[in-house]
Amino acid sequence: MATELPAAIELRHRAHADPRASGDEEDTAALVVEALGAGEGVQVAKTGRAVLLPGSAGGPAVALRSELDALPVTERTGVAWASQSDLMHACGHDVHLAALVAVCRSAVEIGVPKPILALLQPREETSPSGAFDVVGSGVLAEHDVDAVIGAHVQPRLTQGVVSAAPGPVNASTDEFEVIVHGQGGHAGYPHLLRDPILALSQVVVSLQQLASRRIDPIFGAVCSIGRIQAGAAANVVPNHASAFGSLRLMRAADRDVALDALAEIVQGTAKAHGCTAELRISPCEPVLHNDPGLATRAQAWLARTPRIDVDTEFRSFGADDFAHYCGATRGLMMFVGLGDSAGAPSLHDERFLPQDTAVGLVANALIAGYLAAMES
Ligand SMILES: [Zn+2]
């Protein structure tokens, strides 16, 4: 595999310099398919591609998944191969694609027993999710896939650490919008009004009790508001106020409880302020649940890989549409450490730039996942 890394890193730079938005990834897919050198494959989920690499033993295939899309972020890394557009590979998908190419090219060269389906997945960053559409397309069943393997770079893990944890590793996500309707008017006569901003503010604070008082703290929940919209002037109370947020859970069984509590808090709090409220829910990702057998076998393979330290428990309330594969077949998502130095840019940051050595680490993680799937 080491001999494939220089060309893969070169490819990473090319993909990074020329990013494509979610749903517009044809050019990136074509670049990667050409680098794979194993045929055109089939189109999936509109702008994605799946390329089958045959195995000597036949049987079910192992899918190795990488994401194609970039983010609407203006890059500030200062490298020579930085994106010049208003898009950026700020989530490491360029690294994942390059690693997938290195693994697949070596697999073809040395010959592997189980077939590999190289899955170039579009639209990881947006809804409707690319993974959901890949599963719906039937391509996994068509190619007799019985395991899907993925690896994502993770700045919160130390460089050289690869995590393969069994069970839930990423949260489910539901996005929601709360609209509070009140009675606006002159800011100096609050007793004549029904202030939707005050009611909404109380909703935002009370929603924190959802995690602390409704969901078993062993499993946890996160309810974060990312956007608030209301009013136009300091001395005018508006008629409406809205907030947009996401509800994240680690256990599918908590979802109904959490959604009921969310509705109760929103309606009850609005009513207590003499207002009414609307609540709109948009389901996004389910819980990403790693197959325990795949995770433990991958840990053993990773432990035998030079320059890798194995972690067995990293999980976060981030979300990844890889979760849809875990619902369709056995899935394993690993996390590859980039370093935990203070002030290191997070995923989706305009300065986020994994070192090129991450390509080799992600490739080794994918190989460990393949071997784990091959054993069972
Ligand atoms: Zn990502």
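This chain uses plain numbering: 1 for the first residue, then up along the sequence. In this text the structure is predicted, and so the values were computed from the model without any measurement.
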Next on the checklist: If only side-chain N and O atoms count, and only distance matters, is there a donor-acceptor pair under 3.5 Å linking Asp321 with Gln121?
Outcome noted: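 Present: a donor and an acceptor within the cut-off.
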
Atom [atom1] of [X] and atom [atom2] of [Y]: how far apart are they, to the nearest 0.5 Å?
| X | Y | atom1 | atom2 | value |
| --- | --- | --- | --- | --- |
| His152 | Ser316 | NE2 | OG | 10.0 Å |
| Lys114 | Asp144 | NZ | CG | 8.5 Å |
| Cys326 | His289 | SG | NE2 | 9.0 Å |
| Ser246 | Phe176 | OG | CZ | 7.0 Å |
| Cys223 | Phe317 | SG | CZ | 11.5 Å |
| Thr158 | Asp311 | OG1 | CG | 9.0 Å |

Closest non-hydrogen atom pair between [X] and [Y], with its separation:
| X | Y | answer |
| --- | --- | --- |
| Ile265 | Ser206 | CG2-CB, 3.7 Å |
| Pro283 | Asp174 | CA-OD1, 3.2 Å |
| Ala365 | Ala151 | CB-CB, 4.0 Å |
| Gly184 | Asn239 | N-OD1, 2.7 Å |
| Ala230 | Ala241 | CB-CB, 3.6 Å |
| Asp291 | Arg330 | OD1-CG, 3.7 Å |

Would you indicate whether [X], at its atom [atom1], is surrounded by more than 12 heavy atoms from other residues, nucleotides or ligands within a distance under 6.0 Å?
| X | atom1 | result |
| --- | --- | --- |
| Arg304 | CZ | yes |
| Arg14 | CZ | no |
| Glu34 | CD | no |

Any side-chain heavy atom of [X] within less than 4.5 Å of one from [Y]?
| X | Y | answer |
| --- | --- | --- |
| Thr28 | Leu97 | yes |
| His348 | Cys91 | yes |
| Phe335 | Arg156 | no |
| Leu259 | Leu247 | yes |
| Trp301 | Glu375 | yes |
| Arg49 | Leu68 | no |
| Leu119 | Ser66 | no |
| Leu120 | Leu100 | yes |

Using the test salt bridge (Lys or Arg N to Asp or Glu O under 4.0 Å), find all partners of [X] that sit at least two apart in sequence or belong to another chain.
| X | answer |
| --- | --- |
| Asp133 | Arg123 |
| Glu177 | Arg280 |
| Glu125 | none |
| Glu142 | none |

Under 3.5 Å, is there a donor-acceptor pair between the side chain of [X] and the main chain of [Y]?
| X | Y | value |
| --- | --- | --- |
| Glu124 | Pro122 | no |
| Thr329 | Asp146 | yes |
| Glu350 | Arg76 | no |
| Arg251 | Ala221 | no |
| Asn290 | Ala165 | yes |
| His89 | Val95 | no |
| Asp94 | Ala15 | no |
| Gln43 | Lys46 | yes |
| Asn364 | Gly360 | yes |
| Arg351 | Pro345 | no |

Single-linkage hydrophobic cluster, 4.5 Å side-chain cutoff, [X] and [Y] together:
| X | Y | answer |
| --- | --- | --- |
| Leu366 | Val33 | yes |
| Val287 | Leu210 | no |
| Met374 | Val62 | yes |
| Met1 | Ile9 | yes |
| Val108 | Val112 | yes |

Checklist entry - Would you call Glu26 and Arg20 a salt bridge, taking side-chain N to carboxylate O under 4.0 Å as the test? => result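 No salt bridge links Glu26 with Arg20.
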
Item to check | NZ/NE/NH1/NH2 to OD/OE distance under 4.0 Å, Glu67 and Arg65 | outcome: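 A salt bridge is present here (some side-chain N lies under 4.0 Å from a carboxylate O).
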
Item to check | With sequence neighbours excluded, residues passing ring-ring contact (aromatic ring centres under 6.0 Å, His included) with His186 | outcome: Tyr189

Checklist entry - Partners of Phe352 by ring-ring contact (aromatic ring centres under 6.0 Å, His included), sequence neighbours excluded? => result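 ring-ring contact (aromatic ring centres under 6.0 Å, His included) check on Phe352 returns nothing, list empty.
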
With ILVMFWY side chains joined below 4.5 Å, transitively, what does [X]'s cluster contain besides itself?
| X | result |
| --- | --- |
| Val73 | Leu71, Met88 |
| Ile179 | none |
| Trp81 | Val79, Leu353 |
| Ile218 | Phe219 |

Next on the checklist: Does Ser376 form a side chain to side chain donor-acceptor pair (under 3.5 Å) with Arg297? I'd like the steps, not just the answer.
Outcome noted: CA-CA 9 Å; Ser376 55; Arg297 281 191 294 277; 2.8 Å; yes

Next on the checklist: Using the rule given for side-chain contact (heavy atoms from CB on, under 4.5 Å), can you reason through Leu347 versus Val153, listing the C-alpha separation, both sets of side-chain angles and the distance that settles it, and then say yes or no?
Outcome noted: CA-CA 9 Å; Leu347 295 165; Val153 290; 4.3 Å; yes

Checklist entry - Given the rule in the side-chain contact (heavy atoms from CB on, under 4.5 Å) test, do Leu31 and Asp27 qualify, once you have shown the distances and angles that lead to the verdict? => result CA-CA 6 Å; Leu31 182 75; Asp27 291 346; over 6 Å; no

Next on the checklist: Under the rule for side chain to side chain contact (heavy atoms under 4.5 Å, CB included), what residues qualify as partners of Thr296, not counting sequence neighbours?
Outcome noted: Gln299

Item to check | Summary of ring pair (Phe, Tyr, Trp, His ring centres under 6.0 Å) pairs that have at least one residue in residues 108-148, sequence neighbours excluded | outcome: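 Listed by first then second residue: Phe132-His324.
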
Item to check | Whether His96 and His93 hold their rings parallel, tilted or perpendicular, with breakpoints at 30° and 60° | outcome: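 His96 and His93: tilted rings.
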
